[in-house]
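Shown next, in structure tokens, is the structure this report addresses.
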Protein chains: 2
Amino acid sequence: MPKVTIYDVAKRAGVSAATVSKVLNGTGRISPETSQRIRAAIEELQYRPSLIASALKKHQTFSVGLLVPDITNPFYAALARAVEDQALAHNYAVLICSTDNIAEREEKQLELFLRQRLDGLIVATSEAMGQEFFNTLHQSQVRVVFIDRVIPNVPYPVIATDHYLGSYLATEHLIELGHRDIAIFLEPLTLRSSLERLRGFAKALEAHQIKFDDHLVFSEGFGVEAGYELAQRMLTQKGPQELPTAIFAATDQLAIGALQYFHEKGISVPDQISLIGYDDIQMAKMVSPPLTTVAQPITELGHQAFEVLLGTQALSATTTLLPPRVVVRSSTAAPHLQS
Amino acid sequence: MPKVTIYDVAKRAGVSAATVSKVLNGTGRISPETSQRIRAAIEELQYRPSLIASALKKHQTFSVGLLVPDITNPFYAALARAVEDQALAHNYAVLICSTDNIAEREEKQLELFLRQRLDGLIVATSEAMGQEFFNTLHQSQVRVVFIDRVIPNVPYPVIATDHYLGSYLATEHLIELGHRDIAIFLEPLTLRSSLERLRGFAKALEAHQIKFDDHLVFSEGFGVEAGYELAQRMLTQKGPQELPTAIFAATDQLAIGALQYFHEKGISVPDQISLIGYDDIQMAKMVSPPLTTVAQPITELGHQAFEVLLGTQALSATTTLLPPRVVVRSSTAAPHLQS
DNA sequence: TTGAAAGCGGTACCAG
DNA sequence: CTGGTACCGCTTTCAA
């Protein structure tokens with residue numbers, strides 16, 4: 001049997017397609033009896049209205065696109081999930097694409113998305129995005145919201161995490177535990193995100209009258225390996241006496257790398273040194289000891305992006321910063337007094 | 001400016017819409033000059049053909065849907081990525097939905113997908129799927145491929161990993177290293193996947209004339225915690241003399257839990273006991289020692305699903321089993337001879 | 001309260 | 001080689 005259309009339903013119910021359309025959309029006034037007959041016909045025929053046809057007429061596809069660097073990255077997976085959930089609740093579909101931050105892929109996918117006539121686009125790709133991309137976006141009239149991507153000159157709403165605040169809170173957590181010699185591990189300082197975190201760190205120290213010490217800033221590389229090396233470097237450079245009592249690792253991966261090194265060296269966390277991470281990746285709770293860390297409000301990020309995207313407001317260059325929160329687990333504790 | 005349509009292009013190029021359509025689709029024969037003029041017009045107008053309109057006419061949306069339990073699960077994220085990549089290469093879009101294996105969500109999303117008139121559906125959700133879902137699928141004419149979900153009575157192609165083979169290979173790796181006392185850690189034996197893995201394990205032992213010992217089968221619970229407990233239970237039940245020299249953990253999470261326990265007890269892996277996992281989750285390479293494990297051919301799974309889905313073949317109940325492979329890292333080694 | 005008809009933006013058949 | 005035209009399936013006036 002071929003696809004059943006609105007006409008089949010109409011015929012079956014003994015009315016016109018226009019009337020069926022009205023009960024489908026709840027527009028116009030239809031008598032209860034007619035409405036009932038139509039519903040029955042829809043049910044019997046297992047009629048499923050074509051969003052394609054309706055989109056063509058209504059200029060609304062009930063679909064949004066999500067552009068991320070890599071869905072395989074847990075952060076973006078969580079983000080996608082948040083968007084999905086919100087979308088499903090509104091009967092929207094989500095088209096997802098991983099771009100690997102490759103300009104070519106981004107542009108190709110954007111092109112596809114635009115042809116699909118999506119109702120909106122959530123962009124969470126890297127900051128190093130091509131100008132071409134922006135031009136296309138701009139001239140194309142789509143609604144766009146950027147996530148996790150604080151760039152001054154984006155003429156669209158940006159929803160992001162307040163990493164400055166996150167670092168501040170992480171550092172304060174350590175300070176409140178009683179730490180005063182605190183090191184910070186960072187990804188390369190060429191990244192805005194690293195800079196932000198360093199700033200929050202410094203500010204928290206300042207707020208508590210703790211002197212900021214250049215020699216306690218360690219930065220280089222990415223991932224677990226970098227954390228391992230940074231820890232190694234710290235231990236090598238400092239004598240046991242001058243070791244900090246706590247480390248703020250600006251990334252969970254860095255923290256986990258450091259943790260591995262400490263394990264190997266028989267340095268106990270948090271007894272000898274406290275360690276707080278940042279991101280709350282899944283692994284954070286699986287390592288031993290479970291890592292105290294800063295969780296980004298990923299779900300809120302996704303939800304809010306979706307809501308703003310489909311809101312009725314005109315989309316302008318506004319930045320919304322959402323607060324992260326400290327998740328206390330077992331890798332931080334009060335320092336042992338070495339009198 | 002309003003959306004530019006094929007008519008705008010036609011007017012600009014001084015031809016009819018029909019002709020523009022032809023150069024767009026490469027159908028019919030168009031003189032080089034006309035074709036050139038049309039291309040120029042398209043370029044100047046920044047024309048982007050509406051897939052909506054074309055889909056309505058051609059009954060082809062260039063979109064496929066992907067149903068997974070949770071995109072946040074690294075396995076499904078990787079799968080999604082594989083599907084995405086393949087899709088992008090074919091100029092297809094991918095709609096993704098996490099269902100949490102909740103029948104209600106599955107059905108709701110399926111309904112949405114069907115309305116979207118997708119060209120195909122890749123289903124990778126749990127085995128505990130509602131009958132309702134199947135009925136809807138069946139009567140709806142969509143092309144469907146199942147992934148990672150070996151069920152006898154699915155009237156669609158199934159692409160899955162050969163877990164029997166995977167377990168066989170894992171066990172054989174241990175045997176070839178010289179182990180003969182090998183324990184196996186499993187998730188509950190009520191799961192088909194556990195049974196499959198146990199079967200492969202037993203078969204490998206048999207193939208190498210090693211006696212299968214019931215007391216070396218440990219099964220209960222899920223995740224890292226279960227691994228920890230199983231390791232604990234094993235150590236408690238067995239005296240140090242009768243400890244196996246190797247463990248095959250049917251899940252990386254189980255392996256990692258066991259690893260943590262051994263760490264705490266000062267038992268060295270792989271010096272005192274070898275450990276092989278299964279799944280090759282991201283964490284596997286981050287723990288110390290990096291975990292030898294069995295990697296599922298996720299990328300192939302996704303690619304093949306996409307290709308089958310969009311192939312020209314009629315979709316029938318065929319099962320394709322793809323071989324996993326052993327990834328040797330540092331948690332396995334030859335046993336120390338205890339003479 | 002209901003329906004006829006025009007049209008959304010393409011495609012494809014068929015005539016010229 | 002090119003264009004007129006009907007139509008894909010639904011929505012939306014507008015008149016009845």
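Quick note on labels: first sequence line is chain A, next is B, and so on, each numbered from 1.
- The side chain of A:Ala53 has D:dG9 as its nearest neighbour among D:dG9, D:dG4, C:dG10.
- At a threshold of 4.0 angstrom between heavy atoms, the contacts of A:Val20 with the nucleic acid are absent.
- Side chain of B:Lys57, nearest nucleotide from D:dT11, C:dT11, D:dG9: C:dT11.
- Computed from coordinates, the B:Arg37 CZ to D:dT2 P distance equals 8 Å when rounded to whole Å.
- Comparing C:dT11, D:dT11, D:dT2 by their nearest atom to the side chain of B:Ser21 picks out C:dT11.
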**OP:** Verify salt bridge (charged side-chain N to carboxylate O under 4.0 Å, His left out) between A:Glu33 and A:Arg37, making sure each step is shown before the conclusion.
**Re:** CA-CA 6 Å; A:Glu33 304 83 59; A:Arg37 281 213 316 289; over 6 Å; no
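- Candidate nucleotides D:dT2, D:dT11, D:dG4 were compared by shortest atom distance to the side chain of B:Thr19, and D:dT2 ranks first.
- In this structure, B:Gln60 places its CD atom where more than 12 heavy-atom neighbours from other residues, nucleotides or ligands lie under 6.0 Å away.
- Spacing between atom CZ of A:Arg48 and atom P of D:dC10 amounts to 12 Å, rounded to whole angstrom units.
- Per the geometry, CG belonging to A:Leu24 stands 16 Å off C1' belonging to C:dG3, to the nearest Å.
- Taking only side-chain atoms of A:Ala17, from C-beta outward, the nucleotide of C:dA12, D:dT11, D:dG9 with the closest atom is D:dT11.
- Within the nucleic acid shown, B:Thr34 comes within 4.0 Å of sugar-phosphate atoms alone, with no base atom in reach, counting heavy atoms only.
- For B:Lys22 against D:dG3, a side-chain-to-base donor-acceptor contact under 3.5 Å is present.
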